[in-house]
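Presented below is the structure to which this report refers.
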Amino acid sequence: MRNQTTTNQTKTYRFFRTQIIAALLLLIISEAKAQQIKDPAVIGRWDITMDKGGKSIPSWLEVQKSGTHTLIGRFTYAFGSARPISEVKPNNGKYSFSIPPQWEEGNRNMDFEFEVKGEELSGTMVYTDGVTYHFTGVRAPSMTRTKAPVWGKPVKLFNGTDTKGWHTDGKNQWVVESGILRSKHSGANLITDQKFSDFKLHIEFRYQKGSNSGVYLRGRYEVQVIDTKTGEPEPINNQFSAIYGFLPPNKMMAKNAGEWQSYDITLVGRLVTIVANGTMVICQQEIPGITGGAIDSKEGEPGPLLIQGDHGPIDYRNIVITPAK
């Protein structure tokens, strides 16, 4: 009887051991299969160029996962700030999303459909006027630097006498008075002839009540210059010393309209540090992509310094850049 009991116990032990081993094997196989399932190729950041009426319009797209299967994102158009995408919908190898107008004329949404092939995408946008435009895109570069920059000699970009070394993107309204670079009314943007990669920049400015300008790093990333105190309300990401639409300052250091103010900006790859009126408000934060008003979406290339002149009266002085060697 005892031998029979022992035999039964041995069989029971072997049965449960076999079941446990089988369960573990199934778990290992399931985990291996899960690891083999890669994220969709669409995930990431994309530098986009719109073909709109024969003009190349820079834009930017980011797609990321929300939870286990939903795709969401952000989109920057030719103007305005980065706006959220509630869902990027896959359908038979293509993707689509829709966003409401921001500063665009019209009331209909902007509808996008595109496909991804390798490191490129292509698709169409139905604009707020109902017209369809085509676009292409490439995966945005990481721009990670492996070595700390070695700084060269400081260069005065504004000589205090004229706008030599600069050009405009339209009819020029910029003048120089008593060593001050002035745009007395809305007009063209002012752009350096020279292009830069990584640099340190010191720049001083003065705005009137309610006025607005911006300093575009490499011509693609706007550091907001705006009358935060008495101007129209704006989201914190669009306020004084922010990287427009992306990075808010951790402290508001804006002075009153009519006072001279300063930015000291360091840009290395995508990492930006901003000191506003002597206080660090952004410290080595990553700029995700281009901001509205960028000259192009070629993020990996050097670019000029652009001063926005189409948003109201603005004064600048003491513009000094120290490029990396």
Side-chain angles (χ1 to χ4, degrees), residues 76-83 102-104 157-158 163 166 168-191 201-217 219-265 267 272-283 285 287 290-295 305-320:
T76 300
Y77 187 53
F79 48 82
S81 60
R83 56 192 91 174
Q102 188 182 65
W103 299 104
E104 297 83 7
L157 293 178
F158 172 51
T163 56
W166 300 74
T168 59
D169 57 5
K171 184 178 179 181
N172 183 25
Q173 82 286 357
W174 293 86
V175 297
V176 178
E177 296 179 347
S178 302
I180 298 172
L181 181 62
R182 309 193 70 187
S183 175
K184 296 183 179 181
H185 56 81
S186 297
N189 299 318
L190 192 63
I191 308 166
L201 173 69
H202 174 83
I203 190 166
E204 299 175 11
F205 52 89
R206 177 177 63 185
Y207 45 68
Q208 299 178 15
K209 279 190 175 183
S211 197
N212 185 334
S213 181
V215 177
Y216 281 76
L217 315 178
R220 302 182 186 105
Y221 314 120
E222 182 187 7
V223 183
Q224 180 71 299
V225 174
I226 188 171
D227 179 17
T228 289
K229 289 196 171 183
T230 55
E232 294 183 6
E234 288 274 0
I236 186 62
N237 285 6
N238 299 353
Q239 286 287 6
F240 179 92
S241 70
I243 298 295
Y244 185 71
F246 283 125
L247 304 178
N250 59 28
K251 188 175 183 180
M252 183 49 62
M253 296 303 301
K255 296 181 181 180
N256 293 324
E259 295 186 57
W260 281 104
Q261 309 192 56
S262 69
Y263 287 155
D264 288 281
I265 303 166
L267 181 65
V272 65
T273 296
I274 299 177
V275 176
N277 293 323
T279 296
M280 186 181 294
V281 295
I282 294 177
C283 180
Q285 293 296 298
I287 303 176
I290 66 169
T291 60
I295 59 170
L305 190 72
L306 181 150
I307 298 178
Q308 193 176 49
D310 61 353
H311 276 51
I314 189 71
D315 297 338
Y316 284 93
R317 69 181 185 187
N318 295 338
I319 307 173
V320 180

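Here the side chain of N238 pairs no donor or acceptor atom with the backbone of Y244 at under 3.5 angstrom. Side chain of N277 to backbone of M253: a donor-acceptor contact under 3.5 angstrom is found. Here the side chain of Q239 pairs no donor or acceptor atom with the backbone of N237 at under 3.5 angstrom. Between the side chain of S211 and the main chain of P313, a donor-acceptor pair closer than 3.5 Å is present.
Between the CD1 atom in I319 and the CG atom in L157 there is a gap of 6.5 Å [rounded to 0.5 Å]. Between the CG atom of L190 and the CG atom of N172 there is a distance of 7.0 Å, given to the nearest 0.5 Å. Note: T291 OG1 to Q224 CD = 9.5 Å, rounded to the nearest 0.5 Å. Distance CD1/I314 to CD1/I307: 9.0 Å, rounded to 0.5 Å. Going from atom CD of E204 over to atom CG of D264 covers 8.5 Å, rounded to the nearest 0.5 Å. Considering OH of Y207 and CG of D315, their distance stands at 12.5 Å, rounded to 0.5 Å.
V225 has its side chain within reach of Y316: a pair of non-hydrogen atoms, C-beta onward, lies under 4.5 Å apart. With a 4.5 Å cut-off on side-chain heavy atoms, H311 and S213 do not count as touching. Looking at heavy atoms from C-beta onward, T76 lies in side-chain contact with F246 at the 4.5 angstrom threshold. Annotation: side chain of E104 is in contact with side chain of Y77 (closest heavy-atom distance under 4.5 Å). By the 4.5 Å heavy-atom criterion applied to side chains, V223 and I203 are not counted as neighbours. Under the 4.5 Å side-chain criterion, counting only non-hydrogen atoms from C-beta, V215 is in contact with L201. Looking at heavy atoms from C-beta onward, T163 lies out of side-chain contact with T168 at the 4.5 angstrom threshold. Considering only heavy atoms from C-beta on, R206 comes within 4.5 Å of I180 through its side chain.
Of the charged side-chain nitrogens involved, none lies within less than 4.0 Å of a carboxylate oxygen, so that E259 and K229 do not count as a salt-bridged pair.
Not counting sequence neighbours, the partners of Y263 by the ring-ring contact (aromatic ring centres under 6.0 Å, His included) test are F205, F240. For Y221, the ring-ring contact (aromatic ring centres under 6.0 Å, His included) test picks out no residue, with sequence neighbours left out.
When all heavy atoms are compared, the tightest approach of Q261 to K255 is OE1-N, 2.8 Å. Of all the heavy atoms in E222 and G292, the pair that sits closest is OE1-O, 4.2 Å. Between S81 and G245 the shortest heavy-atom distance is CB-CA, 3.8 Å. In this structure, A276 and S241 approach most closely via the heavy-atom pair CB-CB, 4.0 Å. Counting all heavy atoms, side chain and backbone alike, N189 lies closest to Q308 at OD1-CA, 3.3 Å. The two residues R83 and F79 make their nearest non-hydrogen contact at NH2-O, 3.9 Å.
Of the listed residues (Q173, Q208, E177), just one forms a side chain to side chain donor-acceptor pair (under 3.5 Å) with K184, and that residue is E177. Of the candidates V272, I265, I287, N250, V272 is the only one forming a side chain to side chain contact (heavy atoms under 4.5 Å, CB included) with I282.
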